[in-house]
Amino acid sequence: MRSRRPAPPVRKIAAVDRYDPREVEARWQAVWAEERTWEVPNPGEEGFDPAKPKAYVLEMLPYPSGEPHIGHLKVYSVGDAIAHYRRRNGAHVIHPMGYDAFGLPAENHAIKTGEHPRTATEASIESFRKQFREWGISIDWSREVSTHTPEYYRWTQWIFLQLFEKGLAYRSEAPVHWCPEDATVLANEQVIDGRCERCGTPVIVRNLEQWFFRITDYADRLLADFDLLESWPEHVITMQRNWIGRSEGAEVVFRCEELDLDFPVFTTRPDTLFGATFFVLAPEHQQLSKLVEGTDAEEAVRDYVNETAREAAEERGSDERPKTGVPLGRTVTNPVNGEQIPMFVADYVLMDYGTGALMAVPAHDQRDHDFATAFDLPIRTVVEPADGSEVPEGEAYTEHSEDQGLVNSGEFDGTPASEAITVVTEWLEAEGRGEAAVNYRLRDWLVSRQRYWGAPIPIINCEDCGMVPVPDDQLPVKLPEVEDYAPKGKSPLAAAEDWVKTECPKCGGSGRRETDTMDTFVDSSWYFIRYLDPQNTEAAWSREAADNWMPVDQYIGGVEHAILHLMYARFFVKALADMGHLGVQEPFANLFTQGMITRDGAKMSKSRGNVVPPADYVERYGADTLRTYICFIGPPDRDADWRDEGVDGVQRFLSRLWRLGREVAERTEFGEPGGATPESGDARVLVAKAHWAIGKVTRDFERGFQFNTAISAVMELVNEAYRLKDGLYGEGAGDAALRFATATAASLIWPFAPHLGAEVYEMLTGDRVWETEWPEADEGLLATDTVTYVVQVNGKLRARLETEADAGEEDVLELARGDEGVQRHLDGKEVVKEVFVPGKLVNIVVR
RNA sequence: GCCGGAGUGGCGGAACGGCAGACGCUAAUGCCUCAAAAGCAUUUGCCCUUCGGGGCGUGUGGGUUCGACUCCCACCUCCGGCACCA
């Protein structure tokens with residue numbers, strides 16, 4: 001801890017004897033705003049030191065709606081603690097802020113009130129901005145961005161066109177999810193249990209022409225590059241892995257000879273091909289009408305298809321309900337044995353997985369088994385347990401390890417099932433009837449929305465030239481002003497006829513603008529790069545700035561974004577890296593997902609009346625108390641239940657530290673807080689405790705996010721100072737120890753309670769705590785002359801012994817055996833073994 | 001069903017295989033005060049106690065070990081994610 005400056009001005013020792021957070025916090029906030037303390041330069045700018053390591057600390061940007069809630073306070077408190085810690089450990093820390101300002105809530109509000117969504121959005125942004133300052137979050141405000149400004153979405157549009165040029169953005173007709181309530185299409189990721197993620201309305205499937213990003217091209221890299229991440233929560237990786245849903249198997253072609261049609265299917269079990277006894281198509285399958293046209297089955301099939309189309313995806317998805325379907329009166333040929341097997345249409349086959357058709361193997365797939373039972377179809381076992389054990393009645397046998405061999409499978413009989421997968425696939429390849437294949441659950445990302453409040457898609461449709469990108473010098477395509485924000489099945493932008501009608505940039509003929517806007521997840525898939533060079537009008541960012549700061553060293557946010565945002569952003573970074581705009585493959589090296597704050601065990605909601613409005617609480621307790629409480633309540637990745645009594649406790653602690661600081665500043669000589677390390681006595685005990693706390697807090701930061709134990713260590717230090725202070729005042733070593741201990745407590749609490757930390761530290765040292773280096777624990781000080789040995793008999797604690805730290809094994813054992821409490825338990829028993837752990841413990845085993 | 005995560009006092013939570021319950025809340029008592037608030041101090045897992053101490057305790061049942069909240073096996077409960085994915 002460096003120090004020494006002239007004695008502090010009088011005002012720095014508060015005149016009141018009560019900790020007044022409002023006064024303290026306002027003063028320091030003014031200093032940080034005035035001096036722009038948290039701004040950090042880019043390479044080449046004044047103040048940039050290439051020798052310093054960089055740290056990009058980022059919390060997910062807020063969606064500005066109304067006022068910030070307690071979850072915001074948590075995520076930014078946690079992030080700020082990390083940012084402060086890294087700064088004082090010598091890094092250039094970039095810690096920016098922005099707003100994810102496009103989106104439905106503002107637009108729905110606009111529809112109701114007729115007021116432009118920009119008005120409510122910008123009012124909300126102002127409120128967020130104000131509260132972030134009142135919370136004392138150390139933000140580099142020079143880098144602030146908001147996704148709804150033309151200066152920002154100009155570059156969102158630029159990225160769209162980059163993807164378009166590379167064939168990664170395309171327009172296509174496909175069955176897509178449509179939310180009738182919000183009157184827009186949704187991405188697969190935004191459909192939860194068959195319902196719209198935003199409003200909960202059951203979605204329906206419609207065939208529409210829409211814009212997609214080709215994220216499926218990146219499926220394998222999105223999986224493989226988990227290896228490039230430093231530290232992500234295991235469950236987030238698992239969720240993404242499941243979502244991408246890679247499975248290996250084979251594509252096998254079944255042929256309908258009558259109509260000369262080939263039906264490829266995907267299977268993970270080519271080893272069971274001989275067990276395929278029927279064949280099923282999804283109701284949405286394109287060839288269906290061709291198969292039944294003019295046959296007896298036509299009407300029944302049409303009815304069945306219409307019926308399933310009416311059903312919500314939600315009901316169809318249940319595996320509880322009985323299998324339904326209709327025979328087509330056609331057969332296909334099983335390529336391995338030439339068998340003609342009957343075809344069906346059934347809604348348990350999904351159009352958007354595999355090829356929308358499957359070979360049914362009822363003996364070895366439960367769903368096929370259920371269908372076969374319902375329709376009385378043959379069930380042929382082709383894989384048997386090697387040990388001859390029975391398969392339960394009514395169940396499919398799905399094992400396929402080397403302990404199972406093939407039967408009823410012609411030349412493949414006896415081949416172990418695990419091996420048969422490869423062998424049969426090779427055979428299919430040789431025969432030209434199939435090949436090894438990989439299938440994914442992941443679909444391309446549907447990005448167009450028929451809504452107003454988003455970035456317009458920068459494409460012009462020309463009768464002669466087709467889809468033409470808006471030339472770079474004409475960006476941004478500004479959102480037009482309209483009268484009515486309500487969606488009517490097409491985008492509200494379509495009503496702005498003057499805007500829609502334009503000139504084709506290619507041929508100069510008449511063109512019409514694309515009227516859909518982009519999914520807001522597009523905006524938030526690259527904001528963390530714009531922060532690095534936010535003022536740039538020539539490019540979305542400079543490679544130099546991006547190379548300097550990327551990747552994000554610590555990303556913090558809610559687990560609800562585990563799939564959507566985090567996967568889209570990974571995709572963007574990979575695509576941009578492929579185009580040469582970035583030098584990294586992954587945006588977020590370390591990810592931390594914070595838990596929710598509940599109250600009375602339930603999620604906070606207005607209807608439940610258990611909301612903790614941060615502004616009210618900051619007014620009442622001050623920001624430092626709230627921030628520290630949130631970090632103290634429990635491990636930040638877990639959910640935690642809010643209790644006002646707990647807040648009182650933290651307030652008490654901060655107030656104790658403030659009063660200690662003031663008292664020590666008054667009653668001891670201003671000067672070097674460290675001084676010479678006292679040899680012995682309470683002064684030494686206190687200094688040692690301070691070093692212990694430094695070590696503990698430092699380890700808790702280094703190990704991750706163990707803020708609750710870090711704060712408790714500072715509490716212990718403060719408690720120790722209170723316990724010892726009255727005996728230490730007035731002697732040189734005692735005064736110095738008190739100053740050191742108190743300044744250390746202020747220094748260690750700084751990442752959580754910056755205003756108070758700065759205040760107390762300045763009272764005692766005249767220095768600004770954020771300009772000092774993070775303290776280092778003197779491990780040597782922690783060693784003491786005497787140690788306490790724990791004495792166990794048969795593993796149970798029986799005595800404690802104070803002894804010289806350097807006492808030998810025999811001496812300690814001798815002492816232990818002689819102890820009265822130990823004696824009682826040794827009496828009349830035979831000592832079998834004695835365990836000695838130097839400096840710690842003795843265990844005497846008796847019989 | 002599959003994949004994650006978690007079970008410790010009245011509560012939130014601590015514990016490199018070595019003193020279970022740090023720290024905080026709550027509660028009780030005392031000091032200060034005319035009084036209250038604030039503050040300060042002590043106690044606060046359960047049971048028994050002759051007040052020395054003793055017994056029991058980390059979801060359940062086993063195991064490894066001198067020693068297990070911690071490691072291994074089996075199970076129970078709760079939370080989250082995915083789910084007719086071929």
Side-chain angles (χ1 to χ4, degrees), chain A residues 17-18 192-193 233-243 245-247 249 252 265-269 272 276 280 282 316-321 323 346-350 352-361 364-368 370-371 439-442 559-560 562-563 595-596 629 632-635 637-650 652-653 655-656 659 696 699 706 708-719 722-723 726 788-800 820-821 824 832-837 839-846:
Chain A
D17 61 355
R18 212 184 181 119
I192 312 292
D193 293 333
E234 204 49 51
H235 66 277
V236 172
I237 293 178
T238 305
M239 280 163 73
Q240 288 202 9
R241 196 169 268 139
N242 289 344
W243 188 263
R246 182 182 201 274
S247 38
V252 188
V265 298
F266 174 75
T267 177
T268 52
R269 296 290 306 277
T272 63
V280 197
R316 194 174 151 185
S318 162
D319 55 1
E320 300 285 285
R321 53 174 233 162
K323 293 279 175 291
D347 66 1
Y348 83 93
V349 180
L350 307 174
D352 48 348
Y353 188 78
T355 61
L358 60 81
M359 65 174 213
V361 184
H364 305 294
D365 181 282
Q366 192 58 48
R367 296 150 300 170
D368 296 345
D370 295 345
F371 190 87
N439 216 323
Y440 301 91
R441 210 183 83 108
L442 182 71
V559 73
E560 65 273 17
I563 297 174
M596 212 180 23
Y629 172 64
F632 180 66
I633 191 171
D637 53 334
R638 275 199 240 163
D639 289 352
D641 205 54
W642 182 277
R643 293 191 54 184
D644 282 0
E645 293 86 350
V647 183
D648 290 334
V650 169
R652 220 164 1 246
F653 156 63
S655 167
R656 257 162 88 79
R659 280 180 280 116
K696 172 73 180 149
R699 275 194 305 279
Q706 301 180 19
N708 52 334
T709 51
I711 292 164
S712 80
V714 185
M715 288 174 170
E716 283 193 54
L717 173 58
V718 171
N719 289 348
Y722 265 79
R723 192 171 71 82
D726 290 338
T788 305
Y789 270 89
V790 168
V791 183
Q792 299 178 335
V793 177
N794 285 351
K796 279 191 203 283
L797 172 75
R798 294 304 174 191
R800 273 168 242 253
E820 202 187 321
R824 240 200 318 267
V832 182
K833 188 173 181 176
E834 287 166 328
V835 181
F836 177 75
V837 183
K840 277 197 165 166
L841 148 152
V842 170
N843 189 10
I844 302 172
V845 186
V846 295

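Every heavy atom of this structure was used, including side-chain atoms; hydrogens, water molecules and symmetry mates were not. Naming convention: chains lettered A, B, ... in sequence-line order (proteins, then strands); numbering from 1 in each chain.
Rounded to a whole angstrom, the distance from the P atom of B:rA83 to that of B:rC75 is 27 Å. Nucleotides B:rA86 and B:rC16, compared at atom P, are 42 Å apart to the nearest Å. To the nearest whole angstrom, the two C1' atoms, one in B:rC23 and one in B:rG1, are 43 Å apart. Taking the C1' atoms as reference points, B:rC66 lies 27 Å from B:rG59, given to the whole Å. Rounded to whole Å, the P atom of B:rG80 lies 26 Å from the corresponding atom of B:rU70. Taking atom C1' in both B:rA37 and B:rC31, the straight-line distance is 16 Å, to the nearest Å.
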Item to check | RNA chain B base-pair string [pairs: Watson-Crick or G-U under 3.5 Å; |: paired with another strand] | outcome: (((((((..(((.....[....))).(((((.......))))).((((....))))..(((((..]....))))))))))))....
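When distances are taken from the side chain of A:L358 to each of B:rC84, B:rA86, B:rG39, the shortest belongs to B:rA86. Picking from B:rC84, B:rC25, B:rA86 the nucleotide with the shortest atom distance to the side chain of A:R652 gives B:rC25. Comparing B:rC23, B:rG55, B:rA86 by their nearest atom to the side chain of A:R798 picks out B:rG55. Closest to the A:R441 side chain, of the nucleotides B:rG24, B:rC82, B:rA86, is B:rC82. The listed nucleotides are B:rC40, B:rC85, B:rC66; the one nearest the side chain of A:L350 is B:rC85. Here B:rA20 is the nucleotide among B:rC23, B:rA86, B:rA20 with the atom lying nearest to any side-chain atom of A:L797.
Aromatic ring pairs are classed by plane angle as parallel below 30°, tilted from 30° to 60° and perpendicular above 60°; the pair A:Y348 and A:F371 is tilted.
Checking the phosphate oxygens (OP1, OP2) of B:rC40, a side-chain nitrogen or oxygen of A:R656 falls inside 4.0 Å. Checking the phosphate oxygens (OP1, OP2) of B:rG24, a side-chain nitrogen or oxygen of A:N719 falls inside 4.0 Å.
Classification of B:rG52 as syn follows from a glycosidic angle within 90° of 0. A syn base is found at B:rG9: its glycosidic angle is within 90° of 0.
Two residues are said to be in side-chain contact when any heavy atoms from C-beta on lie closer than 4.5 Å; A:V559 and A:H235 meet this criterion.
Between the side chains of A:R441 and A:N242, no donor-acceptor pair of N or O atoms lies under 3.5 Å.
Heavy-atom minimum distance, A:I563 versus A:W243: CG2-CG, 3.8 Å.
Whole-Å rounding puts the A:W642 CH2 to B:rU26 C1' distance at 18 Å. What separates OH of A:Y789 from P of B:rG67 is a distance of 21 Å, to the nearest Å.
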Checklist entry - Going through the checks in order, is the side-chain contact (heavy atoms from CB on, under 4.5 Å) test met by A:R643 and A:I633? => result CA-CA 9 Å; A:R643 293 191 54 184; A:I633 191 171; over 6 Å; no
Checklist entry - Can you give one letter per nucleotide of nucleotides 42-49 of chain B, going 5' to 3': B for a protein heavy atom under 4.0 Å from the base, S for sugar-phosphate only, - for none? => result --------
Next on the checklist: Each nucleotide in nucleotides 12-18 of chain B should get exactly one letter: B, S or -. Can you fill that in based on protein heavy atoms under 4.0 Å?
Outcome noted: BSS-B-B
